[in-house]
Amino acid sequence: MSSVRPVAQTTHPEPEKLALLIDQSKNIKHLKQIHALLLRRGLESYPVLNLKLQRSYSSLGYVQNSVALFNLTQNPDVFFYTAIIRGHAINGLHERALNFYVQMLIEEIEPNAFTLSTVLKACCTLETGKALHCHAHKFGLVSDSYVRTALIDIYARGGDIVLARRLFDSMVERNLVTFTSMITGYAKNGNVDEARELFDGMEERDVVSWNVMIDGYAQHGRPNEAIVLFRQMMKAKLKPDEATMVAVLSACGQVGALGSGQWIHSYLGYRATFNCRVGTALIDMYSKCASLEDARKVFDGIKDKDAVVYNAMIGGYAIHGFSQDAMKLFKEMPEVGLHPTDITFISVLSACAHAGLISESWGLFNAMKDEYGIQPKVEHYGCMVNLLGRAGRLEEAYELVKSMSIGADSVLWGALLNACRLHKNIALGEKVVQFLLQRGLAHSGTYVLLSNIYAAAGNWDGVARTRAMMKQSGVQKEPGCSSVEVNNKVHEFLAGDTKHPKSKDIYAMLEEMSKWLKAHRHASQTEEVLHNMDDEAEKERSLKVHSEKLALAFALISTKRGTTIKIVKNLRVCPDCHAVMKLVSKITGRKIVMRDRNRFHHCVDGMCSCGDYW
DNA sequence: GGGCAGCGCG
C-alpha cells in the first residue's frame with residue numbers, strides 16, 4: 001500500500017462514492033469498516049458522510065453509535081436533529097427522541113415537516129400529539145401531507161377517531177398512504193365497517209392497504225371475512241407478503257380453518273425454517289386447529305427463537321391442557337437465554353389451571369412478581385381465579401379478586417361466576433352479579449352464567465328473574481355458533497339451524513345419534529337449559545339442536561370413518577353436548593376434538609382431556 | 001443531504 005498520502009487521496013473514492021457505500025452497507029461489520037476508512041482519511045466529520053453514518057447506525061439498531069457521532073458534531077443543524085430523532089424513534093426509544101426534539105427547540109433550530117413527521121412517530125400519548133399539533137400550526141407545517149398523515153395516525157390510535165377523520169376529510173390531496181392510515185385508525189379502533197367503506201372507495205390499493213383491512217377483520221372477531229378478503233386479494237393478483245400471511249393465519253386459527261392454514265403454509269413453501277413472526281403465526285394457527293404436532297415441528301424449525309415464539313408454543317400446550325409440556329418449555333427459556341414475559345406467565349399459569357396444579361400456580365404467580373419483576377395483570381389473576389374456582393376454593397378466589405389493586409374486567413368476573421356455576425354456589429354468584437350490576441359491568445355472559453347457576457340448582461324463580469333482567473336491560477345472549485371444516489370449507493351452525501344444504505341429512509343423523517345415546521342410557525343434562533320449560537321433553541328438544549351437536553352430526557356424515565373430528569365453538573361447551581361428544585367418541589371409535597371459548601377438549605373412547613372441568 | 005402507512009403470542 002502506498003504511504004504517500006496526498007497521492008493516495010486523489011485516487012481514493014470520492015465522497016459521493018463513499019456516501020453510496022455507506023447507504024449500501026447491509027450489516028454492522030460493513031458499516032464499521034467504512035467508518036474506519038473515513039476516520040483514516042479524516043472524513044468522519046464531513047457533514048454528509050457523518051449524517052449518513054448516523055442514519056445507517058440507527059437503522060441497524062446501533063443508536064448509541066449515532067449518539068456518539070452526534071455529540072461530536074459541531075452545531076448540528078435541522079438535518080442532524082431529524083436524523084437523531086428518527087434513530088431513536090425507529091428503535092422504540094420514544095422518550096429520548098422527544099428529548100432531542102426539545103433540545104433542538106432550545107437551541108432555536110426550527111423544525112421542518114420532516115422533523116415533525118418524525119417526532120410524531122415517537123409520540124405515544126394523545127396529549128403529546130396535541131402539543132405537536134400546535135407546533136405544526138406554529139411552524140406552518142399543518143398542511144404538509146406527511147405531517148398530517150402522522151397526526152391522523154396519532155389521533156386515531158389515541159382513540160380520537162372523530163378528530164382523525166376531520167383531519168383526513170380536510171386534506172386537499174389524499175394519497176394511498178393517507179387512506180391506509182385512516183383505514184388503520186378505524187380498524188385498530190374496532191370500526192371495521194367504516195374501514196371497509198374507505199377501503200372500497202380507494203382508487204388504487206397496494207399490499208399494505210389489503211393487509212390493514214384483512215388484519216382489521218382478523219383482530220376484531222371477524223376471521224371469516226378476513227379469509228374471504230384474502231381470497232379476493234389473491235384474485236386481484238396482488239402478491240401477499242409476510243404481513244398478509246400473519247394476519248390470515250391468525251384468522252385461520254380463530255375459525256379452526258386447518259385446510260386454509262395449511263394452504264398458506266404450502267404457499268410459503270413448507271420451508272424447514274421460518275422467521276419468528278411467520279413461525280409464531282404458524283404455531284398459533286396449528287395449535288388452534290388442534291394440530292399440536294405440526295405446531296411443534298414449526299417451532300423446532302425456527303432458528304434464533306425469541307420469547308414470542310416460546311409464548312406461542314407454550315400457549316398451544318396450555319389450551320390443549322398439556323401442562324407438563326408447557327412447563328418443560330417454560331423451564332427451557334432461561335437455558336437458551338430468553339426472559340419470560342408477562343404473556344409467558346399467562347400461558348404457563350393457564351396450563352397449570354387446566355391441570356389443577358394449585359401449589360405450582362401460586363409458586364409461579366409469586367415468582368413472577370418477586371423474581372421476574374412482572375406486575376400481574378388481570379389475565380394472570382384470571383388464571384388463578386379459574387384454578388381456585390375449579391378446586392372449589394371460591395371464597396379464596398373471591399378474596400383474591402377483591403384484593404386486586406387493578407380493576408377486574410368482565411372476563412375475570414366471568415371466571416368467578418363460572419366457578420359458582422361449577423360448584424352451584426348461588427349465594428356468591430348473586431353477590432358477584434350484584435356487584436357487577438352496580439358498576440355497570442354486567443354483559444350478556446354475566447346474565448347467562450347467573451341463569452346457569454340458578455338452573456343448576458333448580459331455582460327456576462331465579463332463572464325467570466334473570467331472564468327478565470336481561471330483557472329489561474336489552475342484553476341478548478350471544479348466539480352459540482359452532483364450525484367444522486370439511487374439504488377446506490368452514491361450515492358454521494347456529495342452534496336449530498336449518499340453513500345448511502345438507503340439513504335434512506344432518507337432522508336424520510341427529511335422530512340416529514339419539515338412538516345411540518338412548519341405548520347407552522345417556523341422561524340428558526338439562527340442568528343448564530336457559531329457559532324454564534316445564535316439559536322435560538321440550539328441554540331435551542332444545543338441547544338436541546345445539547350448534548355443537550349440529551356440527552358433530554354434519555361431521556359424522558361428511559368425513560371419513562376413523563378420522564378425527566374437529567369442532568370449534570365460540571362459547572363454552574354446554575354440559576350435555578360435552579357428555580354427548582364423549583359418548584359418541586366411544587360409540588364411533590373416533591377422536592373428537594372440540595375447541596370452546598376457553599380450551600380444547602379431546603374426547604377419546606368416552607373420556608375427555610379436560611377431566612370434565614371447564 | 002432528509003420524511004409518512006401494515007404483521008405475531010393469552
Side-chain angles (χ1 to χ4, degrees), chain A residues 15-16 19 22-23 46-52 54-55 77-86 89-90 111-121 141 144-154 156-157 175-185 187-188 205-216 218-219 240-250 253 274-285 287-288 306-316 318-319 340-351 353 377-380 382-383 386 411 598-599:
Chain A
E16 292 78 26
I22 296 173
D23 284 343
Y46 188 96
V48 175
L49 297 178
N50 187 330
L51 191 71
K52 283 197 174 280
Q54 289 192 40
R55 280 205 201 105
D77 63 4
V78 62
F79 294 102
F80 281 92
Y81 269 107
T82 304
I84 201 72
I85 291 168
R86 180 174 152 77
I90 59 174
N112 59 26
F114 293 96
T115 322
L116 213 64
S117 62
T118 305
V119 75
L120 279 165
K121 230 173 132 83
L141 304 169
D144 177 87
S145 79
Y146 287 83
V147 170
R148 203 170 268 230
T149 303
L151 282 170
I152 290 173
D153 199 53
I154 301 276
R157 281 173 202 268
N175 57 24
L176 178 61
V177 179
T178 333
F179 266 88
T180 309
S181 201
M182 193 62 228
I183 291 172
T184 310
K188 293 265 177 242
R205 307 180 189 95
D206 69 355
V207 61
V208 180
S209 24
W210 283 91
N211 289 354
V212 169
M213 199 58 238
I214 291 171
D215 193 58
Q219 299 310 316
D241 65 6
E242 242 179 39
T244 324
M245 297 311 187
V246 171
V248 184
L249 283 169
S250 164
F274 289 98
N275 67 34
C276 288
R277 286 182 177 224
V278 175
T280 300
L282 280 168
I283 291 169
D284 183 55
M285 181 278 291
S287 304
K288 289 185 177 151
D306 62 10
V308 182
V309 172
Y310 269 83
N311 291 351
M313 194 65 234
I314 294 173
I319 46 170
T341 69
D342 56 336
I343 305 285
T344 318
F345 281 100
I346 294 171
S347 298
V348 275
L349 283 173
S350 78
K377 291 189 179 158
V378 63
E379 293 89 342
H380 301 102
C383 296
N386 259 326
V411 179
N598 242 15
R599 59 165 295 156

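Proteins come first, then strands; the chains are lettered A, B, ... in the order of their sequence lines, and each starts at number 1. Computation of the quantities below employed the complete heavy-atom set of this structure, encompassing side-chain atoms and omitting hydrogens, waters and symmetry-equivalent molecules. Since this is a predicted model, take the numbers as computed values, not measurements.
- In this structure, I90(A) atom CD1 and dC4(B) atom C1' are separated by 14 Å, rounded to whole Å.
- Between the side chain of N112(A) and the base of dG2(B), at least one donor-acceptor pair of N or O atoms lies under 3.5 Å.
- Rounding to whole angstrom units, CZ of residue R157(A) and P of dC4(B) are separated by 14 Å.
- We find that CD1 of I85(A) is positioned 17 Å from P of dG2(B), with the value rounded to whole Å.
- An OP1 or OP2 oxygen of dG6(B) is reached within less than 4.0 angstrom by no side-chain nitrogen or oxygen of R277(A).
- The ring-ring contact (aromatic ring centres under 6.0 Å, His included) test applied to F179(A) returns F168(A), not counting sequence neighbours.
- The side chain of C276(A) sits closest to dG8(B) out of dA5(B), dG8(B), dC9(B).
- Note: OH (Y146(A)) to P (dC4(B)) measures 8 Å, nearest angstrom.
- Remark: the D153(A) side chain and the dG6(B) base include no donor-acceptor N/O pair separated by less than 3.5 Å.
- Rounded to whole Å, the distance from CG on L49(A) to P on dG2(B) is 13 Å.
- Closest approach to the N211(A) side chain among dG2(B), dG6(B), dG3(B) is made by dG6(B) (side chain taken as heavy atoms from C-beta onward).
- D342(A) pairs by the salt bridge (charged side-chain N to carboxylate O under 4.0 Å, His left out) definition with K377(A), not counting sequence neighbours.
- The nearest whole Å value for the distance from the OH atom in Y46(A) to the P atom in dG1(B) is 10 Å.
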